[in-house]
Amino acid sequence: MTGFQTLLSRLGVGAALLALVSGFLGGGSDMAVIGGSLLLVLAGVRHVYGILPHIVIDLAAGLVGMAVLLVVLASGMGADFWWLLVASWLFCWLAVERGMMASTNTAMFSNVILLAVPVFFGIWIIFVWQMLAVGLDIPMVLLPSPAQIAVRFMASTSVLWADFQQTFLKAALIGYILGCGSAFILAIIIDRVPFLQRGLLPVGNFVSALPVIGIAPIMVMWFGFDWQSKAAVVVVMTFFPMLVNTVAGLQASQAMERDLLRTYASSYFQLLINLRLPTAAPFIFNALKINSTLALIGAIVAEFFGTPIVGLGFRISTEVGRMNLDMVWAEIVVAALAGSISYGLLSLLEKQVTFWHPSNRRNHS
Amino acid sequence: MNAAVARVFPIATVVAAIMIVWYGFTVYLNAPWQIERYEKAGIEWQMEDLVRDTMALDRPILPAPHQIAIEIWQTTVEKKITSKRSLIYHGGITLSSTLLGFLMGTVLGIGLAVSIVENRAMDKSLMPWIITSQTIPILAIAPMIIVVLNSVGLTGLLPKALISTYLSFFPVVVGMVKGLRSPDPMHIDLMRTYKASRMQLFWKLRLPASVPFLFASMKVAIAISLVGAIVGELPTGAIAGLGARLLAGSYYGQTIQIWSALISAACMAAILISIVGLISHITLKRMGLQQ
């Protein structure tokens, strides 16, 4: 048991005691809250004195606290409720902290724990959000609760799907493929001409740091309201990161390796395919991952400057105007899911393609 | 001297090529509209008339570079700074929220990076979500966040700066985590043989080692802060700032105004990045880390 864990459990006990005290002082407090706090106090004292030091008990204490909070959750909660929230959070953190220690000591569950920890953290974020939104009685026009968003999400899947199709499948995806593809081809051409390399690379570096998103109104003027203008914005946004990274990647192979292939009398294309493109892959994937987020941003922001009556950006801007914040958040969930999943897929593909790269090799230390 | 020419010459060539292509497109894109005008007025026209007139339109589809330069000159030098039409006034507003957001983002990023490096539970729980946070197209929902924050009573600089913060903390976290972990295991072992405490290890080895990484991330962060500030200005009812100029320009079809706002944003980005680069150069040199 490290000092930090003791600190966590002591703070947890303190918060649970405060929940108890404020529950009794406030009067009319829910029995469940008092019971839950009492349980957490006991669990914390147990941990501090090292009786039954099993990690499951800490985790269970945290989870019981969460369950109690969920049961009693209503608008306008008292101080005891919030102290119990703090106490449960501290206990969950303690459990995670101990889980991490266990994962370094035993190899058996380490993979499960390493996957479970971030998921658990995500659950906690949503949980706290729900507690705050309902417990503090935050009006929906400011911040809808996760439950409201989920209900709205389920109720309007058809609208969300249409928006997703318009913004993601048409504008973002087509623009992404065109932008990354043309940049890739240009990078290979540039690579053959050193003069262009020295001239275009600084310009490319400069442009990829610019607020390219600003061209959105111009593109809407040129290519009309439909998805073509959004795809054009995406092309311009994704082009330069891809160009700069691919050119850098093509230079990443070492002179030794190139010389080796030359002694094998390999042609330019053999050299390109067998050596230079594989060594460029980490750079290319880096650009592809950056661009996957940029593409979605570009497509959505471009819709603020004029669009047919469908699309994620259009829906967000109109529903904000109508104060339907739950719908807005449902669209954000769609965008976030699309962004995360495409990022995840690219990472997976990267691991497959660049399995040889040091960052993907399993660490045996 | 020769080395400088060898560096600048290719860049100048590419920039010149871009300019030529730009002028070509100016004529090409604006020609149909200009020809229509000639025909309506019943004027006989020659090629040189067309070229001259397509570059002098009021609301061209694509303005010529010199038109934009003239517009920028007029709205910066010839207008009073307090004027609502002055680009310096709008640029200043964008700049202030960019810098505030950049500052907050950097501080937040460093704080998160330190806690991630020092605590494994934080590392495992926070890091995946920090990456996920950037796959959410925050720029796309920036207008909504501004509207919501406005209705809570947060107005003016802060909401825009928060968008910049959200964007700029990420590169700082990633860079700083890398930087704080960059010390050679050999150096860490050496510190241990000196019986250095965790704090001493941090202040005397990890932090100095992370400085080059910090500056590299700050260059990215300041550029992205500017983007955040500009997008954050879009929904404020087009009151002030470069983003507002963009939006107003697109509402009224004032293409020259859009382009001049865009070019000044680009210049601002370039200047900000080179300022950070300069500070980084000086600092690293004094620390003896410059290669």
Side-chain angles (χ1 to χ4, degrees), chain A residues 4 93 96-97 99-101 104 113-114 117-118 120-122 124-125 141-143 195-200 202-203 206-207 209-218 220-222 292-293 296-297 299-301 303-306 312-313 316-317 320-321 325 328 331-332 335-336 339-340 342-343, chain B residues 6-7 9-15 17-18 29 61-62 119-121 123-129 131-132 134-144 147-148 151-152 219-220 223-224 226-227 230-231 234-235 242-243 246-247 249-251 253 255 258-259 261-262 265-266 268-270 273:
Chain A
F4 187 61
W93 190 355
V96 168
E97 191 77 30
M100 298 301 306
M101 292 294 263
T104 44
I113 288 174
L114 289 187
V117 164
F120 193 48
F121 187 78
W124 252 97
I125 291 179
V141 287
L142 293 187
L143 188 70
F195 183 79
L196 275 183
Q197 223 177 77
R198 269 176 284 143
L200 259 178
V203 177
F206 175 72
V207 175
L210 294 186
V212 184
I213 194 89
I215 58 154
I218 296 162
V220 172
M221 258 178 222
W222 287 0
S292 73
T293 326
L296 204 52
I297 291 176
I300 295 179
V301 172
E303 286 181 358
F304 295 150
F305 292 95
L312 291 171
I316 288 174
S317 52
V320 166
L325 267 270
V328 174
E331 298 279 355
I332 293 172
S340 309
S342 28
Y343 192 94
Chain B
R7 264 177 56 123
F9 180 64
I11 302 176
T13 317
V14 168
V15 170
I18 291 173
L29 285 171
I61 294 178
L62 178 66
N119 184 315
R120 250 193 100 210
D123 176 21
K124 292 298 167 198
S125 14
L126 269 181
M127 210 50 195
W129 289 102
I131 292 170
T132 314
Q134 299 302 308
T135 64
I136 297 172
I138 180 76
L139 273 181
I141 53 172
M144 183 202 78
V147 171
V148 167
S151 61
V152 189
K219 275 190 215 166
V220 181
I224 209 163
L226 180 63
V227 177
I230 290 175
V231 175
L234 292 180
L242 292 176
L246 280 180
L247 195 67
S250 92
Y251 278 165
T255 33
I258 299 181
W259 279 99
L262 208 56
M268 199 191 277
I273 294 169

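Every heavy atom of this structure was used, including side-chain atoms; hydrogens, water molecules and symmetry mates were not. Just so you know, these numbers come straight off a predicted model, no measurement behind them. Every chain is numbered from 1 and lettered A, B, ... according to where its sequence line falls, protein lines coming before strand lines.
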Q.
Less than 4.5 Å to any heavy atom of chain B: does that hold for the side chain of A/Leu312, its backbone, both, or neither?
A. neither
Q: With sequence neighbours excluded, tell me which residues meet ring-ring contact (aromatic ring centres under 6.0 Å, His included) with B/Trp259.
A: B/Trp22
Q: Quick one: closest heavy-atom pair of B/Trp129 and A/Gly122, and the distance?
A: CZ2-CA, 3.2 Å
Q) For B/Phe9, does the CZ atom have more than 12 heavy-atom neighbours from other residues, nucleotides or ligands under 6.0 Å away? A) no
Q.
Could you measure the distance from the CH2 atom of A/Trp93 to the CG atom of B/Asn119? Nearest 0.5 Å is fine.
A. 6.0 Å
Q: Below 4.5 Å from any heavy atom of chain B, which atoms of A/Trp124 appear? Answer side chain, backbone, both or neither.
A: neither
(Q) Using heavy-atom distances under 4.5 Å, tell me whether B/Leu242 contacts chain A through its side chain, its backbone, both, or neither. (A) neither
Q: Hey, could you give me the OG1/CG distance between B/Thr13 and A/Leu200, rounded to the nearest 0.5 Å?
A: 10.5 Å
Q.
At a heavy-atom distance under 4.5 Å, which candidate from B/Ile11, B/Leu62, B/Val15 has the highest pair count against chain A?
A. B/Ile11
Q: For B/Val231 and A/Ile297, run side chain to side chain contact (heavy atoms under 4.5 Å, CB included): C-alpha distance rounded to whole Å, both residues' side-chain angles, the deciding distance at 0.1 Å, then the answer.
A: CA-CA 11 Å; B/Val231 175; A/Ile297 291 176; over 6 Å; no
Q.
Run the side chain to side chain donor-acceptor pair (under 3.5 Å) test against B/Asp123 and tell me which residues pass, sequence neighbours left out.
A. B/Arg181
Q: Measure the shortest side-chain to side-chain distance between B/Ile258 and A/Ile215 over non-hydrogen atoms and say whether it is less than 4.5 angstrom.
A: no
